[in-house]
Structures are given as C-alpha cells and as structure tokens.
Number of protein chains: 2
Amino acid sequence: MQLQYMTKTQQNTVCAHLDRAKLKHTKARFAVLSVLLEARSPLTIEDIQRQLKVKVHTVTLYRMLKKFVESGIVYQTDLRTGKAYYEFQKEHHHHVTCTDCGLQEEVKTCVARLQNNAQKETKNFKNINTHSLEFFGVCNKCTSG
Amino acid sequence: MQLQYMTKTQQNTVCAHLDRAKLKHTKARFAVLSVLLEARSPLTIEDIQRQLKVKVHTVTLYRMLKKFVESGIVYQTDLRTGKAYYEFQKEHHHHVTCTDCGLQEEVKTCVARLQNNAQKETKNFKNINTHSLEFFGVCNKCTSG
DNA sequence: TTCTATGCAAATAGTTTGCACTAAA
DNA sequence: TTTAGTGCAAACTATTTGCATAGAA
C-alpha cells in the first residue's frame with residue numbers, strides 16, 4: 001500500500017505495529033494511525049474523524065480504536081469530559097487538563113514505581129498491568145480571565 | 001431532620017459537609033450520602049439508586065452527585081466501564097480494578113508527590129487541583145479461571 | 001416568601017450490535 | 001477463498017435540559 005500523506009518512517013512504524021498486533025494493513029488504519037502520529041494531544045473519535053483525509057465511518061473508528069487499545073498501539077484515557085480520548089503509545093506519559101477550557105499539556109511525571117507499591121499492597125491481584133493517571137486544574141489563561 | 005437509618009455520628013458528618021458546601025439538608029441528600037458512607041467500593045448512579053431506602057429520581061441523583069463532586073464531598077472516578085463511579089471522600093486513596101470481572105480493591109498508594117512534580121513541570125498551570133489515578137489488571141480469580 | 005431541590009418528559013451524546021458487503025492475505 | 005475489516009441502520013446506555021411543583025431556610 002502506498003500512502004502519499006505519510007513519511008516512509010511513519011509507514012514503517014505503522015506496519016510494524018500492525019504486524020505485531022496481527023492486524024491487516026488497510027487504508028483506514030493507516031489514515032487513523034497517521035492522524036494519531038501527528039497529534040500533539042489525546043484525540044476523541046470526533047477529533048480523529050475531523051482530521052482524517054479519508055472518509056471512515058464512525059462505527060469503524062470505534063471498532064478500530066478498540067483493537068488498537070487492546071493491542072497496545074494506542075493509549076486510551078478519560079479526561080472527565082464524558083468521551084474517550086486516544087493517543088499513539090509513544091513514551092509513557094500523562095496530562096494536565098484544564099477543567100475550564102480543556103487545555104491539555106503533557107507531563108513526563110509517571111507512576112511506574114507506585115504501580116509496584118500498589119502491586120505489593122494488593123491481595124487480589126498478582127499482576128497490575130497498567131494504570132491511568134490524569135491531573136486536573138485550571139490553566140493560567142482561565143485563572144486570569 | 002431525623003433519619004432512622006443513620007447513626008448520630010454519620011448524621012453529624014453529613015450535616016457538616018452539607019453546611020460547608022452551602023447545600024440544603026434534604027431527605028434525598030441524607031439518603032444518598034448514607035449509602036456512600038456505607039459503601040466499600042465506588043458506586044455508579046445505578047448502584048446508589050438500588051441501595052437507596054428512599055425513592056430518588058435518576059435525574060436528581062445526577063444533579064446531586066454533580067454538586068457533591070464540585071464541592072469535594074464526593075470523589076468521582078472513571079473505571080473504564082463507560083459510566084461514572086462515586087465514593088465518599090474519606091482519606092485519599094485509589095483502586096485496582098479487574099479488567100475481567102470488575103473486582104475493585106482499595107490501595108493507599110497515592111501520587112501527591114508526583115502531583116508536585118507535575119506542578120513544577122507544567123508551564124500552563126499555576127495550580128493543579130486534583131488527579132485521577134487508577135490501576136488495572138486481572139484479579140487472581142480471573143487469572144486462574 | 002424566596003430560592004434551591006426534586007420529579008417528570010424528552011432530548012442528546014457517546015458507544016455498541018447485527019447484518020450484508022468489501023477487501024486483505 | 002477464507003477471514004478480517006468496513007459501512008449502514010438501528011439500538012442502547014449514560015447523561016443532560018426545560019419546565020412545573022415541592023420543600024428547606
């Protein structure tokens with residue numbers, strides 16, 4: 001498959017991920033992952049659809065993203081807005097979200113060590129696989145305004 | 001207001017919280033907070049409604065819980081099930097949730113220090129007010145089964 | 001009496017499901 | 001040619017909104 005809207009490097013990244021997850025290479029998947037690769041903050045299904053250069057049905061997006069999350073290509077998170085946010089799983093990181101305007105900023109602060117502590121503490125779980133960590137506040141713009 | 005289903009201590013707790021939040025003392029609010037005080041894990045709106053000894057309309061529950069969350073009486077969290085979970089804000093803590101059966105366990109492990117790190121790191125936020133931290137895994141029962 | 005809280009009906013938003021068709025391997 | 005992916009219609013679930021009534025301060 002030849003895509004004009006992706007660099008060779010991006011295509012290789014995408015192919016590698018799809019192969020590892022045993023998912024077929026389709027136009028729709030390339031298009032979606034290309035959007036996610038370019039994104040600078042987590043995107044909703046609607047965001048993704050708006051940014052797509054190819055038309056992909058909403059239902060397909062939901063099913064696709066679900067697979068991506070299951071296979072670890074994409075990280076799904078909840079930003080207290082009532083909808084799911086997705087982002088390409090690069091280096092592990094988290095966000096601060098403005099509870100007023102929704103502004104999002106990435107922070108590298110992570111909780112891997114605490115996951116170990118929780119692991120030691122729990123009695124019902126031999127393995128904690130993952131975590132979700134989000135910070136909330138009011139951003140400077142909204143504070144002053 | 002006299003409630004037979006609450007201890008004196010619980011009533012005092014509830015009153016204090018309502019006063020601090022400048023919310024009126026109503027039967028519905030006492031009933032809901034009583035359920036949350038007894039709960040040993042986060043509850044959905046549906047859970048709360050099922051456990052109520054008094055009939056409270058679903059819409060009222062949504063509005064009530066929203067106020068409680070805003071005023072810090074109740075902690076709202078997302079457990080990746082598509083609905084909101086609520087719990088009385090006692091000592092700050094978090095959960096491990098089984099991605100198979102939904103079993104929840106409390107853990108004391110917290111992230112207050114990391115919130116400070118994030119605070120130092122961010123450029124857009126003078127104040128980070130709160131965070132959401134959840135761990136996910138497959139519980140022992142589901143692992144063996 | 002005044003303002004907040006509640007109930008009811010209806011709408012909205014996000015997400016899921018069933019089924020038929022298409023396309024990748 | 002077989003199985004996975006996609007589109008479309010419709011359903012479903014959680015949550016919100018508008019408006020009239022009831023109840024706390």
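The structure presented is a predicted model; accordingly, all values stated were derived computationally and were not measured. Per chain, numbering begins at 1; letters A, B, ... match sequence-line order.
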K.L.:
Measuring from the side chain of B:Arg63 (C-beta onward, heavy atoms only), which nucleotide among C:dA9, D:dG7, C:dT6 has the closest atom?
P.N.:
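Minimum distance to the B:Arg63 side chain belongs to C:dT6.
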
K.L.:
NZ of B:Lys67 versus C1' of D:dA24: gap in Å, rounded?
P.N.:
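It works out to 14 Å between those atoms.
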
K.L.:
Expressed in angstrom and rounded to an integer, what is the separation of B:Lys24 atom NZ from C:dT2 atom C1'?
P.N.:
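In whole Å, C:dT2 C1' lies 8 Å from B:Lys24 NZ.
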
K.L.:
Can you check the B:Leu65 CG to D:dA14 P distance for me, whole Å?
P.N.:
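Answer to the nearest Å: 15 Å.
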
K.L.:
Return the nearest nucleotide to the side chain of A:His57; candidates are D:dT15, D:dC8, C:dC8.
P.N.:
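Comparing D:dT15, D:dC8, C:dC8 against the side chain of A:His57, the answer is D:dC8.
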
K.L.:
Sort out for me which residue in A:Phe30, A:Phe68, A:Phe88 forms a ring pair (Phe, Tyr, Trp, His ring centres under 6.0 Å) with A:His17.
P.N.:
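The residue from A:Phe30, A:Phe68, A:Phe88 that satisfies ring pair (Phe, Tyr, Trp, His ring centres under 6.0 Å) with A:His17 turns out to be A:Phe88.
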
K.L.:
Could you tell me the separation between the NZ atom of B:Lys27 and the C1' atom of C:dT4, rounded to a whole number of Å?
P.N.:
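After rounding, the gap between these two atoms is 16 Å.
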
K.L.:
Could you state the CZ-P distance from B:Phe68 to C:dT6, rounded to the nearest angstrom?
P.N.:
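About 8 Å, once rounded to whole Å.
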
K.L.:
So how far is it from A:Arg29 CZ to A:Leu23 CG, rounded to the nearest 0.5 Å?
P.N.:
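The CZ atom of A:Arg29 sits 4.5 Å away from the CG atom of A:Leu23.
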
K.L.:
The side chain of B:Val56 is closest to which nucleotide in this list: C:dT16, D:dA24, C:dG7?
P.N.:
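Nucleotide nearest to B:Val56's side chain: C:dG7.
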
K.L.:
Hey, what do you get for CD1 (B:Ile45) to CG (B:Leu65), rounding to the nearest 0.5 Å?
P.N.:
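B:Ile45 atom CD1 to B:Leu65 atom CG measures 4.0 Å (nearest 0.5 Å).
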
K.L.:
What nucleic acid atoms does B:Lys22 come within less than 4.0 Å of, heavy atoms only: base, sugar-phosphate, or nothing?
P.N.:
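No contact.
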
K.L.:
Over how many whole Å does the gap from B:Met64 atom CE to C:dT4 atom P extend?
P.N.:
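Interatomic distance, CE of B:Met64 to P of C:dT4: 16 Å.
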
K.L.:
A:Glu46 has an atom CD; how far is it from atom P of C:dT15, in whole Å?
P.N.:
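In whole Å, C:dT15 P lies 10 Å from A:Glu46 CD.
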
K.L.:
Check the phosphate of D:dT16 against B:Tyr62, side-chain N and O only, distance under 4.0 Å to OP1 or OP2. Yes or no?
P.N.:
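Looking at the OP1 and OP2 atoms of D:dT16, neither is under 4.0 Å from any side-chain N or O of B:Tyr62.
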
K.L.:
Hey, which sits more toward the 5' end of DNA chain D by its nearest nucleotide, B:Leu23 or B:Lys66?
P.N.:
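Checking each residue's closest nucleotide, the 5'-ward one belongs to B:Lys66.
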
K.L.:
Working to the nearest 0.5 angstrom, can you tell me the gap between A:Gln89 CD and A:Glu87 CD?
P.N.:
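With rounding to 0.5 Å, CD (A:Gln89) is 7.5 Å from CD (A:Glu87).
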
K.L.:
Quick one: which of B:Thr60, B:Thr58, B:Thr44 gives a side-chain hydrogen bond (donor to acceptor under 3.5 Å, both in side chains) with B:Gln49?
P.N.:
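Of all the options given, the one that passes is B:Thr58.
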
K.L.:
Would one find a side-chain N or O of B:Thr26 under 4.0 angstrom from OP1 or OP2 of C:dA5?
P.N.:
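Indeed not, no polar side-chain atom of B:Thr26 lies that close.
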
K.L.:
Do B:Lys83 and D:dT15 have a side chain to base donor-acceptor pair shorter than 3.5 Å?
P.N.:
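No, no donor-acceptor pair under 3.5 Å.
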
K.L.:
I'd like to know if B:Arg29 reaches the base of D:dG23 with its side chain such that a donor and an acceptor end up less than 3.5 angstrom apart.
P.N.:
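Looking at the base of D:dG23, it does not pair with any donor or acceptor on the side chain of B:Arg29 (distance under 3.5 Å).
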
K.L.:
Please report, rounded to the nearest Å, how far the C1' atom of D:dA14 is from the CD1 atom of B:Ile48.
P.N.:
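After rounding, the reported distance stands at 14 Å.
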
